[in-house]
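Input: a single structure, listed below in structure tokens.
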Amino acid sequence: MARADVDAEFGGLPAAPYSRRIIADDFFDDDGKAKRTGTVWTASAHVITAVIGSGVLSLPWSTAQLGWIAGPGTLIVFAVITYYTSVLLTDCYRSDDAVTGKRNYTYTEAVESYLGRRQVWFCGLCQYVNLVGTAIGYTITASISAAALYKANCFHKNGHSADCTVYTTMYMVVFGISQIFFSQLPNLSQMAWLSILAAVMSFSYSTIGVGLALAQTISGPTRKTTIGGTQIGVDVSSPAQKIWLTLQALGNIAFAYSYSMVLIEIQDTVKAPPAENKTMRKANLMGVSTTTAFYMLCGCLGYSAFGNAAPGNMLTGFGFYEPFWLIDFANVCIVVHLVGAYQVYCQPIYAAVEKWAAARWPSSDFVVRQYPVAGGKFNFNMFRLVWRTAFVIVSTVLAISLPFFNDILGLLGALGFWPLTVYFPVEMYISQSKVKKYSKKWVALQSLSFVCFVVTVAVAVASVEGITLSLKNYVPFKTKM
């Protein structure tokens, strides 16, 4: 049995006065928490679950806006940036030393350790706004896929010209109810099975989408495609609209790669030795390279099948009608995947609020008391029940209020890309490695950050413009698909 005397830091709180001398062994880690059991495979499953989400469904539309050169090129550029900055962020899990340093349990704790409290507020705002937005976006996407099940069967029975429109509100409510149940799982470590299932589902529906697009491309007839994407005067009404659509496409691709805001939480599930950052580097490479391969296939084959008329959602825009049972299965996979992905993204929000409440009311049974259930395998907590249920209800209501798929994805991609994927990892790396100001490396890193900032601002403006236009003809709580 491996044993080592360490100073434990309970719940990520400062070492004093909460620390005491403990022994790390086969049952507890060096911070006094239960032994972590995550591996490269479970971490990769979490990464794939977080990365391959609703964003993959918009890639044919995004490629249609950008064209054959800029579309695949943009996917590769975002993949390289995401992997590089995720490696920088992975090294920030422990402060001072990659093996024995203080653990940072959350993204904001890592920022505080390297950049100080002044940056924490900005980081927390960016992270939690993006996480809440992602929960809303996933609720919208899951409801669209659930509604597509009804529509696929309706079209099969009554013909492709039949009126099969359906309200999506009911499906959002059902998805929200399922999330209330799954939200009671205490933490990400106890959700490995859900992430593995979700990862399998994401592979399944991505593969089905790629297969259907390939079959459509081979059998034809296919729609018109161009080197530069949608054409002004033919597919879009003006140069201004072309610019807005191009920027929204960039936002959708940025959203498709976003997972930095949960990377530290995923890394906190990984066992050691080897050092957690070494394991996560492999998991990041496996996750990003795998998803990029699927993204290239989905985007390029989807564009070749649908041309400039590619739907905003690959599997629910009904570019495909048959075989209806396969489309049904793909949409079931999407819903199951998003059930798991929703929880992966919401765990940091849950943990932050529950940690704050425990520090604020340490003697309250309602807040801190744990009731063992299922033979002690899980703990039940009243505050967790009330708070997480309330969060799911609020996010579901907001999703019902703003059901704009592509515009919401673009805005979420903009809000999360520069600050969380690029700025903070770069700044923490500079602080950690003591990169000299105005050195070649410093200039290169700051240039990368600045370019990504410009892209983020432009995409955010375009997405807000798209939401504004959508709101002109929107009737609240009566969205049809």
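Across F417, Y429, F122, a single residue satisfies ring-ring contact (aromatic ring centres under 6.0 Å, His included) together with F424, and that is F122.
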Pair Y423-Q446, side-chain hydrogen bond (donor to acceptor under 3.5 Å, both in side chains): steps then yes or no: CA-CA 9 Å; Y423 172 73; Q446 295 294 355; over 6 Å; no
Before giving the answer on ring pair (Phe, Tyr, Trp, His ring centres under 6.0 Å), spell out for Y150 and Y171 the whole-Å C-alpha distance, their side-chain angles and the decisive distance to 0.1 Å. CA-CA 11 Å; Y150 165 81; Y171 298 103; 7.8 Å; no
Using the rule given for side chain to side chain contact (heavy atoms under 4.5 Å, CB included), can you reason through N284 versus Y83, listing the C-alpha separation, both sets of side-chain angles and the distance that settles it, and then say yes or no? CA-CA 7 Å; N284 285 326; Y83 173 69; 4.1 Å; yes
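In this structure, the side chains of T292 and L75 stay at 4.5 Å or more apart for every pair of heavy atoms. Contact annotation: the side chain of W41 never approaches that of K282 to less than 4.5 Å [non-hydrogen atoms, C-beta and beyond]. Taking 4.5 Å as the limit, every side-chain heavy atom of L338 sits out of range of all side-chain heavy atoms of M201. At least one side-chain heavy atom of F329 sits under 4.5 Å from a side-chain heavy atom of I208. Counting heavy atoms from C-beta on, the side chains of M428 and L88 never come closer than 4.5 Å. V132 is not listed as a side-chain neighbour of S395, based on a closest heavy-atom distance of 4.5 Å or more. Side-chain atoms of L59 and F294, non-hydrogen and from C-beta on, never get closer than 4.5 Å to each other. Side-chain contact between N331 and Y205: absent, with no pair of heavy atoms (C-beta onward) separated by less than 4.5 Å.
The closest side-chain donor-acceptor pair between Q248 and Q65, if any, does not fall under 3.5 angstrom. For Q432 and E427, the side-chain atoms include no donor-acceptor pair closer than 3.5 Å. A donor atom on one side chain and an acceptor atom on the other are found under 3.5 Å apart for T217 and S304. In summary, the side chains of Y303 and N308 do present a donor paired with an acceptor at a separation below 3.5 Å, with no hydrogens or angles considered.
Side-chain atoms of T291 come within 3.5 Å of backbone atoms of V288 as a donor-acceptor pair (strictly under, hydrogens ignored).
Between L263 atom CG and T421 atom OG1 the span is 10.0 Å, to the nearest 0.5 Å. Atoms CG and SG, on L420 and C123 in that order, are 6.0 Å from each other to the nearest 0.5 Å. The CG atom of L398 sits 9.5 Å away from atom CD1 of I140, with the distance rounded to the nearest 0.5 Å. Separating the CG atom in L131 from the SG atom in C346 is a distance of 7.5 Å, to the nearest 0.5 Å.
Of all heavy-atom pairs between V335 and S145, the closest is CG2-CB, 4.0 Å. Nearest approach of A43 to M280, heavy atoms of both residues: CB-SD, 3.8 Å. Contact between A148 and D328 at its shortest, heavy atoms only, is O-OD1, 4.5 Å. Nearest heavy-atom pair, T279 versus P274, reported as atom, atom and distance to 0.1 Å: OG1-CG, 3.7 Å. Scanning both residues, Q267 and T90, for their nearest heavy atoms gives NE2-O, 3.1 Å.
Annotation: Y114, atom OH; neighbour count of heavy atoms from other residues, nucleotides and ligands within 6.0 Å is above 12. Surrounding OH of Y128 are more than 12 heavy atoms belonging to other residues, nucleotides or ligands, all under 6.0 Å away.
The existence of a salt bridge linking R103 and E109 is excluded, since no basic side-chain nitrogen approaches an acidic carboxylate oxygen closer than 4.0 Å.
Ring-centre distance between Y350 and F391: below the 6.0 Å cut-off. Ring centroid separation for the pair F175 and Y342 comes in under the 6.0 Å cut-off.
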